[in-house]
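To start, the structure itself, in structure tokens.
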There are 2 protein chains.
Amino acid sequence: MRDRPASPRGTLDAARIISAAVAFIDEHGLHRLTMQRLGAHLGVEAMALYRYVPGREALLDGVVDAVVDELFRDPEVHLRAHAGWADYLRRLAHGVRRTALAHPEIFPLIATRPPAAPWVRPPLRSLRWIESLLEVMTGAGLSGADAAVVYRGFSGFLLGHLLLEVSVRGDRRAGPPAADLAGYPLLRRLRPQLSAGLGVRDFEEALQAQLDRIARMLPPQGPGSRG
Amino acid sequence: MRDRPASPRGTLDAARIISAAVAFIDEHGLHRLTMQRLGAHLGVEAMALYRYVPGREALLDGVVDAVVDELFRDPEVHLRAHAGWADYLRRLAHGVRRTALAHPEIFPLIATRPPAAPWVRPPLRSLRWIESLLEVMTGAGLSGADAAVVYRGFSGFLLGHLLLEVSVRGDRRAGPPAADLAGYPLLRRLRPQLSAGLGVRDFEEALQAQLDRIARMLPPQGPGSRG
DNA sequence: ACCTGAACACCGTTCAAGT
DNA sequence: ACCTGAACACCGTTCAAGT
């Protein structure tokens with residue numbers, strides 16, 4: 001009744017191991033990912049993985065990169081023919097959000113792993129994306145310095161909102177006994193309002209506020225500008 | 001040449017263990033914290049800790065709570081006599097920032113640990129702080145629902161900005177070889193601008209934007225209002 | 001060339017036994 | 001009452017040995 005080995009000789013390589021790790025974390029959670037379990041999942045002993053991956057930490061780096069790179073294959077996002085910077089940022093933001101929600105167990109890793117360079121900010125931690133964003137923003141008329149400010153601010157916005165949204169959804173703990181809210185009258189009264197939100201609408205509203213802020217950095221444009 | 005046991009019989013308790021864990025993580029990093037090392041740090045075998053703490057996960061929960069509670073002992077923050085809601089939020093934000101910078105290895109834990117209740121958002125993950133914030137905002141004239149919106153938005157702002165700031169500072173990896181930036185001309189050109197920022201000034205600017213957004217939710221007030 | 005067995009140093013955790 | 005020794009089931013990782 002044992003599983004047939006999923007990996008006959010020579011089938012293993014780094015890419016396959018990493019994508020298996022992504023699938024494993026999505027299904028079972030990060031804390032369950034061990035070299036032995038991932039090996040078993042691939043029909044192989046844990047030690048075999050070390051021929052393709054330097055170690056567990058490097059594997060997790062690979063997982064983060066792989067998920068971030070998903071964005072590049074998202075046709076909704078990576079249209080070179082975007083309708084202006086705001087459209088570009090909006091698509092990008094929603095793309096990152098989709099990625100985060102598709103991999104709620106991996107997004108905290110994306111958020112907290114030290115980036116490759118000190119000037120790379122999660123969750124847009126790929127050189128290609130940074131370059132692309134800077135290109136669009138300078139193309140829209142922003143100075144290089146201002147484009148960098150936009151990158152930083154936008155990263156912070158995405159990180160905060162999506163980490164909250166993901167962590168709230170991933171919550172598997174038992175809810176707190178309502179009785180313990182004695183002494184916190186407002187908390188008690190507003191619990192429904194506190195529980196609500198953190199859906200697309202909240203996201204879009206905060207996104208719009210970001211875009212408005214950025215628009216104010218741009219050189220004034222004539223009415224009816226198409227961006 | 002062994003250390004004298006730091007903990008003669010009966011000196012151990014949950015609070016001491018947790019604060020030792022905080023100190024240990026601050027000094028050596030989260031990934032080095034093991035039950036055995038923490039025990040040794042306290043002059044005791046690992047197994048002794050289990051009499052006071054249910055396990056490692058619970059210990060980390062305790063660490064998070066302890067650091068969050070530091071805010072309550074911060075005299076700069078917890079002045080009941082604040083000069084209006086904006087002053088209150090500003091002090092709170094700077095207090096959270098101080099906490100994050102004081103414990104850069106713990107803040108990611110604060111950010112990503114599942115909160116006790118689904119409506120609790122990091123980093124303001126203490127019932128006392130939520131109640132206090134709601135109290136101030138409703139006192140300023142906001143409806144309950146709007147006060148909840150402020151709590152959510154403010155949490156997202158703090159989370160995003162401080163996680164970035166902390167992770168950038170905590171970066172110990174080797175910088176990337178500049179040569180690899182071929183193909184990314186803007187990145188290359190703007191590297192200084194990208195590296196900059198994420199200091200108090202960036203924080204204060206983003207904080208002000210948040211406060212402005214909140215101000216727009218408030219009922220209009222006469223000129224010269226003191227908040 | 002690619003995988004595994006055996007081994008090493010370490011985990012978290014339990015529990016009977018010591019003081 | 002409080003701590004420890006010994007044990008268990010598991011880690012990540014190395015390396016010589018097998019195919």
Side-chain angles (χ1 to χ4, degrees), chain A residues 2-25 27-64 105-106 109 112-114 172-173, chain B residues 2-25 27-64 105-106 109 112-114 172-173:
Chain A
R2 289 272 185 77
D3 286 340
R4 286 272 64 221
S7 173
R9 289 223 150 208
T11 313
L12 233 47
D13 61 61
R16 227 171 84 75
I17 292 174
I18 288 171
S19 79
V22 170
F24 188 98
I25 298 173
E27 191 173 356
H28 303 106
L30 176 59
H31 70 287
R32 302 230 113 176
L33 181 79
T34 68
M35 298 305 270
Q36 7 262 328
R37 282 200 269 245
L38 182 58
H41 193 72
L42 286 160
V44 115
E45 297 299 317
M47 302 81 83
L49 305 176
Y50 286 86
R51 197 157 283 269
Y52 305 95
V53 171
R56 189 178 193 265
E57 289 303 294
L59 175 63
L60 292 182
D61 284 341
V63 163
V64 166
E105 289 278 340
I106 297 177
L109 223 52
T112 56
R113 289 237 121 195
R172 291 157 187 169
R173 299 200 180 189
Chain B
R2 290 274 186 74
D3 285 341
R4 285 272 66 219
S7 171
R9 290 225 149 206
T11 312
L12 233 46
D13 60 62
R16 227 171 83 75
I17 292 174
I18 287 172
S19 80
V22 170
F24 189 98
I25 298 173
E27 192 173 357
H28 302 107
L30 177 59
H31 70 288
R32 302 229 112 176
L33 181 79
T34 68
M35 300 302 272
Q36 7 262 325
R37 282 201 268 246
L38 182 58
H41 193 74
L42 286 161
V44 114
E45 297 298 318
M47 303 80 84
L49 305 175
Y50 287 86
R51 196 157 284 268
Y52 304 95
V53 170
R56 189 176 192 266
E57 289 303 294
L59 174 63
L60 292 181
D61 284 339
V63 164
V64 166
E105 290 277 341
I106 297 176
L109 223 52
T112 56
R113 288 238 123 196
R172 291 159 187 167
R173 299 200 180 187

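Just so we're on the same page: letters track the sequence lines, and every chain starts at 1.
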Stems involving DNA chain D, each a run of at least 3 consecutive Watson-Crick or G-U pairs under 3.5 Å: C:4-8 with D:12-16, C:12-16 with D:4-8

Rounded interatomic separation in angstrom, taking CE from Met35(A) and P from dC8(C): 21 Å

Spacing between Leu49(B) atom CG and dC2(D) atom P, to the nearest angstrom: 14 Å

Arg56(A) CZ - dC10(C) C1' separation (whole Å): 15 Å

Heavy-atom closest contact (Gly55(A) atom, Tyr50(A) atom, distance): CA-CE2, 4.0 Å

Integer-rounded Å distance: dC10(C) C1' and Leu33(B) CG: 15 Å

Test item: Ile18(A) and Leu59(A) side chains (from C-beta on) under 4.5 Å apart, heavy atoms: yes

Candidate nucleotides dT14(D), dC11(C), dC11(D), ranked by approach to the side chain of Arg37(B) - the nearest: dC11(C)

Ile17(B) to Tyr52(B) - nearest heavy-atom pair and separation: CD1-CB, 3.7 Å

Closest to side chain of Leu12(A), choosing from dT14(C), dC3(D), dC3(C): dC3(C)

Nearest-Å distance for atom pair CZ/C1', residues Arg32(A) and dC10(D): 12 Å

Rounded distance (Å) that lies between atom P of dT13(D) and atom CG of Leu59(A): 10 Å

Contact summary for His31(B) and His28(B), nearest pair of heavy atoms: CE1-O, 4.0 Å

Nucleotide nearest Val44(B) when distance is taken to its side chain, options dT4(D), dG12(C), dC3(C): dT4(D)

Between C1' of dG12(D) and OH of Tyr52(A), the distance in whole Å: 19 Å

Nearest listed nucleotide, side chain of Tyr50(B), among dC3(D), dG12(D), dT14(C): dT14(C)

Side chain of Glu45(A) - closest among dG12(C), dC11(D), dG5(C): dG5(C)

dC10(D) phosphate, OP1 or OP2, under 4.0 Å from Gln36(A) side-chain N/O: no

Whole-Å distance separating the NE2 atom of His31(A) from the P atom of dG12(C): 15 Å

Pairwise side-chain contact, Leu33(A) with Val63(A), heavy-atom cut-off 4.5 Å (strictly under): no

Main-chain N/O of Met35(B) paired to Arg56(B) side chain as donor or acceptor, under 3.5 Å: no

Nearest-0.5 Å distance, CZ of residue Arg16(A) to OG1 of residue Thr11(A): 6.0 Å

Closest-nucleotide 5' rank along DNA chain D - winner of Met47(A) and Arg51(A): Met47(A)

